[in-house]
Amino acid sequence: MPVMLPPAAGYLWKSRRRLSASGLVTWERCPRQWFYSRRIGVAQPQNPAMLVGHVAEEAVGSLLMERLRADGGPMPVRSAWVAYSREQDGLDAPAATGEVSITDLDSIRAWFDAVLPSVVDETLRRLAQDWDTVVWRAGGTDIADVGAERMSLLINGGLELQLEEVNACLEDDGGPHLSAYRESGDPFGVPAPCWDEEPVKPGEQASRSAAAGFQKEGSVSLWEAWEVARPWVKDPRVAEPQRQFHPDGWAAGELDMVQRWDGSVRIVDLKASAGTSGFSAGLPIQIRFYQWLWDVTRDTDARPSDGVDAGQVSGLEGWYLAGPYRKQVELLPPDELAEEAARWKAVHETMTQSGLHPTDVPLADPSPWVDHYPGGEPRPVTNVAAAKERTCRMCNAAAFCDAAPVAARAAGLAEVVPPEIPSADPGELSRALEPKTPCIRIRDIPRRLHVRGRLSGHWGPMANHYGEHVHGASVAVGDASVVVEEMGADSFGELPELEDAVLLDAAPGQWRRMPRLYLDEHSSVKPASEAPEGLEFTRLGLIPTKASVSGLVVSRGANSGVGVTGRPWSMQTCHLWDGNDVIEVVAFGSAVTHTFTELKVGDRLRVLAAELGWRDGVPQLRIDQRTTRLEVKRDG
Ligand code: SF4
């Protein structure tokens with residue numbers, strides 16, 4: 001729910017530094033797994049099921065944004081979402097395929113049945129389009145494995161559960177907010193999105209008036225019950241992040257749905273499954289995190305004001321669409337929620353510290369893998385050790401995590417090591433991956449240094465290459481000067497003007513062939529008179545700017561979007577493992593060469609003279625199209 005813009009206001013890129021529900025869920029599964037997947041960004045091969053959730057959830061939410069005809073006339077069989085989604089891709093909106101008269105709940109169901117084929121077709125088109133952009137696919141999978149039947153089951157599941165809400169609203173004669181709706185429309189500061197209303201941006205106070213179908217008095221009508229029971233869902237027309245941001249900025253969460261018609265608040269998470277897998281263990285963690293975020297974002301001045309008292313959070317629900325099943329998660333009482341929040345803050349601090357040094361990785365502590373009954377009820381675990389090993393078997397870091405059990409590690413290695421290297425022999429593997437000059441070990445890449453000079457010419461915030469707004473300045477000694485920049489939005493803040501300053505624990509690097517120093521929360525800037533005794537300072541001309549490394553490609557990824565300036569950006573990534581450590585290698589825009597695009601997991605790669613950069617406190621190598629050389633050795 002878009003309570004407000006992020007505290008730093010203005011950047012659209014999701015900050016990997018904030019604690020998110022999914023990050024917390026991964027941490028609880030295994031802190032070391034969080035480190036590899038979230039801090040270093042190691043991806044996993046994509047399969048079609050991974051793409052289904054997002055599209056199915058958007059389709060369900062968007063159908064709930066429909067408004068019934070106020071004059072009681074027949075509803076054209078046409079989905080506003082299908083029209084919108086196709087128009088976004090420059091395609092024609094399909095014409096209505098018929099009409100359905102809405103007289104009762106069954107007729108609403110009949111309208112859904114009639115419109116569903118076109119919605120399912122659109123989800124399949126979107127899935128095929130998304131699949132085309134996936135650079136690392138799980139072997140033997142194809143998007144054609146997701147059929148119309150599956151999408152139809154999921155979307156229908158969401159509609160069925162919402163019709164239960166409408167029915168309950170009818171039985172409760174519209175609930176306590178009906179008169180407010182009749183007077184001036186949706187009374188909430190962040191209203192439920194509707195195709196017939198303008199989209200509302202985060203932090204914007206909506207201006208709504210009662211739609212034509214509201215009555216002056218009398219019992220609630222079916223039309224009114226549909227309107228009043230309409231939940232808040234993510235509006236696909238809004239490009240800004242529709243999240244709840246902790247007022248201090250260190251945590252954020254993106255809800256799927258909020259039900260508010262009964263005088264209280266129920267937070268709902270949509271799941272495109274029946275909830276039987278071990279991943280269902282994450283729902284209580286995720287949704288209680290949202291319960292807490294809801295509470296801590298109520299008092300902020302930036303929040304648009306409600307025209308009614310929305311009430312307290314009364315329920316936390318997981319809607320497993322393949323059923324459908326409504327899973328109720330017990331609310332945490334205030335004292336336990338406060339304890340949990342304190343623990344989450346400590347987790348966030350540990351996350352922030354991790355990775356400063358290659359050996360500084362969080363604990364390898366896999367939780368047991370728990371299967372669930374349909375509907376997300378956990379099955380008993382009889383063998384905890386075996387269940388923990390299963391978590392490692394499911395982990396995309398098992399190949400290079402030294403704490404992975406032997407069988408899990410062997411299975412992980414089999415996925416990434418080409419057959420010509422005998423992965424079962426650790427000595428052979430380590431010899432095959434040993435760096436040869438000029439490549440160095442990943443752990444020997446210079447990380448932090450101290451610099452002394454005149455700090456001036458501060459600027460910003462200005463967009464960096466990730467589209468984040470960062471502050472910067474220059475540090476000068478004599479005629480030589482180097483740009484100093486925040487590593488990411490808000491990771492350091494404003495820089496002071498100082499005639500004689502020391503920059504401590506700055507990260508060295510280069511951008512567009514110019515040396516650059518990056519600052520984050522581990523860095524500090526002070527007057528030289530306050531610098532600790534005995535520090536060694538690096539001369540500006542000796543700042544390390546490049547690195548050459550080699551290893552096995554263990555992950556591939558790609559991303560694209562539109563930055564704050566409105567300019568599109570794109571990037572591709574791979575992760576290299578040198579037998580000990582893993583590092584991300586990134587190519588932005590035109591640096592995404594044919595060679596980079598063709599990189600595959602299992603390739604042996606030498607990256608020569610890459611620009612040294614930083615992301616979230618850990619080093620990242622960036623391809624300079626002109627000076628970086630890629631040497632690929634591929635099996636077969
Ligand atoms: S392999 Fe096991 S111990 Fe290692 S990161 Fe993965 S889940 Fe954690």
Side-chain angles (χ1 to χ4, degrees), residues 16 19-47 50 136 138 277-286 343-344 346-348 350-372 378 381 383-417 423-424 426 429-430 433 442-443 551-557 573-584 601-602 616-618:
R16 285 201 251 172
L19 182 64
S20 67
S22 57
L24 181 62
V25 167
T26 310
W27 180 273
E28 302 284 18
R29 192 180 302 129
C30 174
R32 176 82 55 92
Q33 189 181 107
W34 171 86
F35 174 77
Y36 283 121
S37 63
R38 299 298 179 119
R39 173 51 48 90
I40 309 266
V42 176
Q44 57 181 321
Q46 299 280 295
N47 64 49
M50 292 164 146
W136 185 21
S277 90
F279 292 112
S280 294
L283 177 69
I285 302 165
Q286 176 191 9
R343 193 175 67 80
W344 295 335
V347 164
H348 179 254
T350 313
M351 287 174 167
T352 306
Q353 293 297 328
S354 63
L356 283 186
H357 185 270
T359 55
D360 186 7
V361 291
L363 203 61
D365 184 16
S367 57
W369 187 261
V370 181
D371 288 322
H372 290 70
V381 173
N383 183 337
V384 171
K388 286 185 173 196
E389 181 156 347
R390 265 185 87 193
T391 297
C392 293
R393 291 289 287 253
M394 301 293 290
C395 174
N396 56 337
F400 39 86
C401 169
D402 56 13
V406 173
R409 185 140 202 220
L413 285 169
E415 296 281 325
V416 296
V417 178
S423 59
L429 184 58
S430 142
L433 297 179
I442 291 167
R443 62 181 48 193
L552 195 65
V553 177
V554 291
S555 162
R556 282 284 282 117
T573 63
C574 75
H575 284 77
L576 271 189
W577 174 49
D578 67 2
N580 288 303
D581 303 295
V582 179
I583 193 166
E584 188 175 36
V601 168
D616 295 323
V618 293

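A quick note: this is a predicted structure, and the numbers were derived from the prediction, not measured. Order of listing sets the numbers, starting from 1, for every ligand and every atom in it.
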*Subset of ligand 1 atoms that lie under 4.0 Å from at least one heavy atom of Arg32*: 5 (S)
*Which atoms of ligand 1 have any heavy atom of Ala404 under 4.0 Å away?*
1 (S)
*For Ala364, counting its heavy atoms only, list the atoms of ligand 1 lying under 4.0 Å from any of them.*
3 (S)
*Measuring to atom 6 (Fe) of ligand 1, does Cys392 have an N/O/S atom at a distance below 2.8 Å?*
no
*Got a sec: is Cys401 within less than 2.8 Å of atom 4 (Fe) of ligand 1 via an N/O/S atom?*
yes
*Report yes if some heavy atom in the side chain of Arg390 is under 4.5 Å from a heavy atom in the side chain of Asn383; otherwise report no.*
no
*Evaluate the side-chain proximity of Met50 to Gln44: yes if any heavy-atom separation is below 4.5 Å, no if none is.*
yes
*For ligand 1, the portion of Cys30 having any non-hydrogen atom under 4.0 Å away*: side chain
*Of all the atoms in ligand 1, which lie at a distance below 4.0 Å from a heavy atom belonging to Cys395?*
1 (S), 5 (S), 6 (Fe), 7 (S)
*Is the shortest heavy-atom distance from the side chain of Val42 to the side chain of Phe400 under 4.5 Å?*
yes
_Does any part of the side chain of Asn396, heavy atoms only, come nearer than 4.5 Å to the side chain of Ser555, both counted from C-beta?_
no
*Report yes if the side chains of Trp34 and Arg39 come closer than 4.5 Å at any heavy-atom pair, otherwise no.*
yes
*asked:* Can you confirm whether Arg38 sits close enough to Trp27 that some side-chain heavy atom of one is under 4.5 Å from a side-chain heavy atom of the other?
replied: no
